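Working notes, structure below.
Predicted, not measured: the structure shown is a model, and the values here were computed from it. Below, chains carry the letters A, B, ... as their sequence lines are ordered, and counting in each starts from 1.
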Amino acid sequence: MSEFIPSFDELKIEKKWQDRWYNNKYFVANDYSEKEKYYSLVEFPYPSGSGMHIGHIRAYLSLDVLSRKRRMEGKNVLFPIGFDAFGLPTENYAIKNQIHPRIVTDNNIKVFKEQLKAAGLSFDFSRVIDTTDPEYYRWTQWIFLKMYEHGLVYKDIAYVNFCPDCKVVLSNEESQGGKCDRCDSDVIQLERDVWFLKITEYAEKLLEGLDELESNSRIRAEQEKWIGKSSGAYINFKISGSEKLLKVFTTRPDTIYGATFMVIAPEHPYLDMFKDQIQNFNEIQDYQQKALLKSEFERIELAKDKTGVEIKGLKAINPLTNEEIPIFISDYVMITYGTGAIMAVPAHDTRDYEFAKKYNLKIIEVIKGGDITKEAFTDTETGLLVNSPLIDGLTVEAAKQKIIEFLEKNQLGELAEQYRMKDWAFNRQRYWGEPIPIIYCDKCGVVPVPYEDLPVTLPMVEKFIPTDTGESPLANIEEFVNCTCPKCGGKAKRETDTMPQWAGSSWYFLRYIDPLNHEKIASKEKLAYWGQVDWYNGGMEHVTRHLIYSRFWNHFLYDIGEVLYKEPYKKRTAQGIILGSDNEKMSKSKGNVVNPMEIIDEFGADTLRTYVLFMSDYEMSTPWSDLGLKGARRFLDKIWRLFPNVKEAETYTPDLERIIHETIKGVGEDIENMKYNTAIAKLMTLLNEYNKKDAITKADYEVLLTLLNPIAPHVTEELWEMLGHETLLVYETYPEYDEAKLVKDEVEIVLSVNGKVRDKIIVENNFDQEKLKSLALESEKVQNHLEGKKVIKIIVVPNKLVNIVAK
RNA sequence: GCCGGUGUGGUGAAAUUGGUAGACACGAUGGACUCAAAAUCCAUUGCCCUUAAAAGCGUGUCGGUUCGAGUCCGACCACCGGUACCA
C-alpha cells in the first residue's frame with residue numbers, strides 16, 4: 001500500500017470518541033423509555049481465535065448505520081451484541097493446546113469486544129451475553145425441559161447422519177450433500193440413541209409465519225423449500241392374498257390409472273413382515289445390505305443409474321383398475337419421506353420412467369400431451385386425462401380432486417400433506433456444549449432435571465478429550481455422571497451428551513431484552529416494551545437453519561405463554577459476501593484474506609466503514625479493492641479539508657439549497673433501503689458542490705456532517721466539536737428536508753426524434769405543453785433530423801422530454 | 001434437474017411508474033504545484049471515425065410490445081448461490 005499524508009490523525013480521533021461513547025454509555029438502551037423503541041439485531045458472532053473477519057464488519061455495519069440514524073431520529077434503540085461461544089473449533093483448539101475451553105472462550109471474547117469497539121460499532125455493551133455462561137445456558141436448558149414437558153422432546157433409536165471424523169451426530173442441515181458441515185468428510189448413517197425435538201409439529205406454523213416476516217424472495221424461498229410442504233393423498237393398495245395394505249403417499253393421485261408397479265424403500269418393514277411369502281428373500285437381503293452400505297452421498301451420486309429387485313411372491317392391487325401389479329424394492333425410495341413406499345407411474349414421473357425402462361415394465365399414458373415413447377410427461381398444466389374411466393377428459397387439477405373424493409368415499413385413501421422437514425436431532429457427543437438436563441435412574445427411568453436444579457453446569461476438569469467409543473467426553477467424568485435421582489433419591493446417571501451449537505442461538509434475541517433476569521427468560525414487562533425485533537440482519541447461510549430453529553423456539557415459547565409474539569422478527573435481510581481482490585471467496589489457503597484490524601490500524605475505522613458500505617449494493621457479493629479503500633479515505637480527507645472554508649459569511653444560493661434538500665431526502669431513503677452505496681455517492685456529490693464554492697456556511701457544513709455521521713462517526717464527531725458544539729453528534733437531530741425546497745425553477749427538457757435524443761433545452765418548471773411542442777420543432781438540431789420526414793405525432797412528458805414521431 | 005440471483009465502460013458500480021445509459025468512485029492520460037517524488041488541485045476519459053463539429057454504434061444473445069426498452073413479454077446463453085431420487 002502506498003504511503004499517504006493523512007490530513008487528520010485517525011488513531012487519535014477514533015480512540016478519543018470511542019472512549020467517550022463507551023465510557024459514558026452513550027449506546028445503552030433504556031428499558032421503558034418514553035421514546036419509541038427500535039430493536040435492531042445482528043447475528044452474534046462465534047468468537048473464534050482469529051478475531052473479527054471483514055464479513056463481520058459488513059454484517060454489523062448496516063444496522064449500525066441504521067441504529068445511529070434511529071437514535072438521531074429520537075428513538076430508543078436496542079442494538080445488542082453477544083457471543084455464540086459453544087462449538088467445536090474452541091473445543092478442538094483447547095484439546096490441541098491443552099487449554100481449557102473456558103479460558104480460550106474468555107480470551108476470544110475479550111479480543112472480539114475490543115475489535116468491535118475499534119470499529120466504532122454502536123452496540124449496547126451493557127447487555128453482552130455469552131451462550132456458554134451458566135447463567136445463560138440455564139435458560140437454554142430450561143426451554144429444553146419445557147419442550148420435554150410439552151411432549152416436544154423424544155428419544156428414539158434412529159438412523160442418523162454421523163461424521164466419523166468429528167465423531168458427532170449431525171442434523172440433516174449440518175450434513176447437506178452427504179458431507180459434514182464442519183470437516184467435509186463423508187457422512188455415514190448410524191443407528192444411535194437420539195434426542196429429537198419435534199420441529200415438524202410446527203411445520204405449518206413456521207410456513208404460515210413467513211407471511212409476517214418481511215424479507216426478499218430468496219430468503220423466503222429457501223425457508224419454504226426447507227420446510228418442503230407438498231399436498232397429495234395417501235392411497236392404500238391391497239396386497240394380494242393378505243389383509244395388509246400398502247400405504248403410499250403421492251402428489252399425483254390423478255395418475256393412479258397409470259400406476260403399473262410399486263416401489264418400497266430397502267428399509268421398509270413389510271420386507272421382514274412378509275419374508276415367508278417372499279420367494280427371493282436372499283436376493284432382497286443382498287440388496288438391502290448394499291443399500292445400507294451406500295452413504296447418502298453415493299445414493300445421490302448414483303442417482304442416474306436406478307437399481308432394484310422385484311419382490312417375487314408379493315403383488316399389489318391397483319384399487320382403480322383392480323389389476324395385480326409387481327412390487328420392487330429400490331433405494332430411490334427413501335424410508336424417511338412419506339410412507340417409504342410409492343405407486344410408480346412411469347408415464348408421468350421421470351424416476352419411475354427410468355426404472356420402468358430399465359426393467360421393461362408397463363408404461364400406460366394417462367395424460368395426453370407428451371410423447372411417452374421418449375420420456376415421461378410431467379407437465380400438470382396442459383394435458384387432459386385419458387385411459388382413466390372415472391376421470392377421462394378432466395384437467396389434472398380436477399382429476400386430483402375427483403380421485404381423492406372417490407378414495408375417501410370408498411375408504412381407499414385420503415387427502416394428505418407431507419413435509420420435507422424432519423425432526424431436529426438434538427444431541428452431540430461433545431464437551432463444549434450445553435449439557436442435556438436429563439437423568440437416568442434404574443428405578444424411575446428417564447427423569448428430567450427439576451427446574452430448580454438448573455443449570456446443569458459443565459464440570460471444570462482437566463480432561464475434555466473425546467472418548468474412543470464416540471461417547472461424549474463427559475462420560476469419563478465420574479463426578480459429573482454420577483448423581484442422585486431427583487424422584488427416588490437413589491443412584492442415577494446423567495445424560496452425557498450436549499446440545500448442538502444451534503441451541504444457544506435459538507433464543508438469544510429474547511435474552512438481550514432482560515439479560516440479568518434470574519427468574520425468567522425475560523420479564524413480561526420488558527418483553528412488552530421491546531416487542532419484536534424490528535430488523536434482523538445476518539448471513540444468507542443462516543436463513544435455513546438458525547432462522548427456522550429460532551422461529552420454532554419462539555413459536556413454542558409463545559404457545560406456553562412465555563413471550564408475546566408468535567414471530568420473533570419483523571424483517572430479515574442478509575448481506576452479500578466480500579470476496580478477495582481476486583474475486584474468489586476469502587480463504588487462508590488462497591492468501592486473499594483481508595484483516596479488518598490491519599485496515600483500521602492503517603486507515604482508521606471510518607475509512608473502512610465508508611469503503612465497505614460504498615463498495616457495492618449491500619446484498620451483492622463484491623471483490624475487495626485496496627484502491628477503493630484509498631478512495632474512501634480521500635473522501636473523508638476532503639471533508640476534513642473543507643473545515644477552513646466554513647465561514648459565517650452568507651453564501652446562500654437557491655440552487656445549493658435544493659441540492660442539500662435532495663441529499664437529505666436521498667440519503668435517508670437510501671439508508672432505509674440498505675442502499676448505502678448510493679447514499680455515500682450522494683454525500684460525495686454534495687461535498688463536490690461545496691468544494692465548488694470559496695466558502696460555505698456553518699449550517700450547510702453541519703448538514704453534511706450529520707448525514708455522514710452514522711457512516712463515519714468518529715471524524716464527523718471531531719469536526720462537530722471543532723465547530724464549537726459541546727454536545728455530541730450521536731444524539732443530534734437528524735436533518736429533515738422540505739418538500740417545497742425540492743422544486744426546481746428551471747428544468748432541462750430532452751428533445752428527441754423517434755426516441756433518439758437530438759437536443760436539450762432549458763425552460764421554466766411546469767412549462768406549457770403546447771408551447772413546448774413548438775419550441776421543440778423550432779430546434780435546429782431537431783429540424784436537421786426531420787428533413788424529408790412528416791411529423792406524425794408529438795409526445796410530451798411534463799418537465800422531462802418531448803419526443804417527435806416522424807416518418 | 002428444480003428454486004433464487006446476476007450479466008452495463010479499463011475496474012467497483014448507478015439509473016422512481018418504461019422517458020438524457022454509465023451518477024459516484026477507482027484507474028489511466030495530460031497539465032499545475034515541486035529540485036524531484038508523494039499528496040493536492042485542474043482538465044479529459046463508453047466504443048468508433050474525426051483537426052474539430054456532426055454522425056454512427058453501444059446495457060449477455062435472438063425476437064416481440066411501445067412514440068420510446070438496461071427496465072416489460074417470449075425463447076435462449078453464461079456465471080454465482082441454494083437444493084436435490086421428497087414420490
Side-chain angles (χ1 to χ4, degrees), chain A residues 2-7 176-178 216-222 224-226 228-230 232 248-252 255 263 299-304 306 330-334 336-345 349-352 354-355 418-422 540-541 543-544 576-577 579 581 583 585 611 614-617 619-632 634-635 637-638 641 669 675 677-685 687-688 691 748-760 781 784-785 792-797 800-806:
Chain A
S2 58
E3 35 185 333
F4 65 96
I5 300 167
S7 69
Q176 281 169 0
N216 68 27
S217 53
R218 187 175 162 204
I219 291 170
R220 186 178 176 125
E222 286 200 10
E224 269 176 8
K225 176 134 193 177
W226 192 82
K229 181 179 181 173
S230 48
V248 303
F249 174 73
T250 177
T251 54
R252 297 293 306 276
T255 61
V263 186
R299 255 163 105 148
I300 296 157
E301 270 298 282
L302 303 171
K304 289 160 214 148
K306 301 232 169 348
S330 172
D331 59 12
Y332 86 84
V333 172
M334 306 290 144
T336 46
Y337 184 79
T339 61
I342 61 160
M343 65 173 205
V345 185
D349 180 285
T350 36
R351 294 149 305 174
D352 298 345
E354 271 173 57
F355 194 84
Q418 280 289 323
Y419 297 89
R420 184 174 311 198
M421 190 164 73
K422 289 167 199 167
M540 201 56 219
E541 71 275 19
V543 161
T544 43
I577 297 167
L579 303 167
S581 46
N583 222 333
K585 227 175 171 173
Y611 174 58
F614 182 62
M615 64 198 306
S616 100
D617 186 296
E619 293 175 283
M620 301 287 177
S621 56
T622 313
W624 177 265
S625 156
D626 286 335
L627 289 169
L629 180 75
K630 270 178 68 183
R634 197 175 295 164
F635 166 60
D637 280 343
K638 282 184 191 172
R641 280 198 301 267
E669 288 174 355
K675 302 286 179 196
N677 52 340
T678 51
I680 292 168
K682 281 167 184 139
L683 291 170
M684 287 172 168
T685 306
L687 171 70
N688 293 342
N691 264 328
E748 192 185 53
I749 303 289
V750 169
L751 307 181
S752 61
V753 178
N754 290 332
K756 289 200 175 176
V757 180
R758 297 303 175 184
D759 203 0
K760 290 164 191 176
K781 287 175 183 170
N784 288 341
H785 289 273
I792 295 169
K793 65 173 162 177
I794 302 176
I795 286 151
V796 180
V797 180
K800 263 202 180 137
L801 62 80
V802 178
N803 187 27
I804 299 164
V805 188

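Phosphate contact (OP1/OP2 of B:C86, side-chain N/O of A:R351, threshold under 4.0 Å): present. The side chain of A:T622 places an N or O atom within less than 4.0 Å of a non-bridging phosphate oxygen (OP1 or OP2) of B:A13. Residue A:H785 places at least one side-chain N or O closer than 4.0 Å to OP1 or OP2 of B:A55. The side chain of A:R634 places no N or O atom within less than 4.0 Å of a non-bridging phosphate oxygen (OP1 or OP2) of B:A39. Checking the phosphate oxygens (OP1, OP2) of B:A87, a side-chain nitrogen or oxygen of A:S230 falls inside 4.0 Å. Using a 4.0 Å cut-off, no side-chain N or O of A:N216 falls inside it from OP1 or OP2 of B:G5.
A salt bridge links A:K675 with A:D617: at least one charged nitrogen is closer than 4.0 Å to a carboxylate oxygen. A salt bridge does not link A:E748 with A:K760: every distance from a Lys NZ or Arg NE/NH1/NH2 to an Asp or Glu carboxylate oxygen is 4.0 Å or more.
Using atom P as the reference point in both B:A14 and B:U66, the two lie 32 Å apart (nearest Å). Atom P of B:G9 sits at a distance of 23 Å from the matching atom of B:C73, rounded to the whole Å. Of the C1' atoms belonging to B:U16 and B:A21, the separation is 16 Å, rounded to the nearest Å. Taking atom C1' in both B:G58 and B:U20, the straight-line distance is 15 Å, to the nearest Å. Using C1' as the reference atom, B:U8 and B:U59 are 4 Å apart when rounded to the nearest Å.
Rounded to whole Å, atom C1' of B:A69 lies 14 Å from atom CG of A:L801. Summarising the geometry, the separation between CH2 on A:W624 and C1' on B:A13 is reported as 16 Å, rounded to the nearest angstrom. In this entry the distance linking CD of A:E222 with C1' of B:G82 reads 5 Å, nearest Å. When the C1' atom of B:A23 is taken as reference, atom CG of A:L687 falls 15 Å away, rounded to whole Å. In this structure, OH of A:Y337 is placed 13 Å from P of B:A84, rounded to the nearest angstrom. Between the CG atom of A:N691 and the P atom of B:A43 there is a distance of 12 Å, given to the nearest Å. Straight-line distance from the CG atom of A:D617 to the P atom of B:C80: 20 Å, rounded to whole Å. Per the geometry, CG belonging to A:N803 stands 16 Å off P belonging to B:G18, to the nearest Å.
For the pair A:S752 and A:S616, nearest-nucleotide mapping onto RNA chain B gives the more 5' position to A:S616. Residue A:G628 is the one, among A:K585 and A:G628, whose nearest nucleotide of RNA chain B lies closer to the 5' end (criterion: closest heavy atom).
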Check your understanding: Could you go step by step and tell me if A:D352 and A:Y332 meet the side chain to side chain donor-acceptor pair (under 3.5 Å) rule?
Key -> CA-CA 9 Å; A:D352 298 345; A:Y332 86 84; 2.7 Å; yes
Practice item. Given side-chain contact (heavy atoms from CB on, under 4.5 Å), test A:Y337 with A:F249 step by step and report yes or no. Key: CA-CA 9 Å; A:Y337 184 79; A:F249 174 73; 4.0 Å; yes
Exercise for review: Both distances under 3.5 Å, Watson-Crick or G-U wobble: on that basis, could you give the dot-bracket string for RNA chain B, with [ ] for crossing pairs and | for other-strand partners?
Suggested key: (((((((..(((......[....)))((((((.......))))))((........))..(((((..]....))))))))))))....
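A:K306 contributes a side-chain N or O that forms a donor-acceptor pair with the base of B:C85 under 3.5 Å.
In textbook terms, a nucleotide whose glycosidic angle is within 90° of 0 is syn, and B:G9 is one such case.
Looking at heavy atoms from C-beta onward, A:I749 lies in side-chain contact with A:L751 at the 4.5 angstrom threshold.
Residue A:G631 is classed as a sugar-phosphate contact, given heavy-atom separations below 4.0 Å to backbone atoms only.
Taking the six-membered ring for Trp and the full ring otherwise, the centers of A:W624 and A:Y611 sit less than 6.0 Å from each other.
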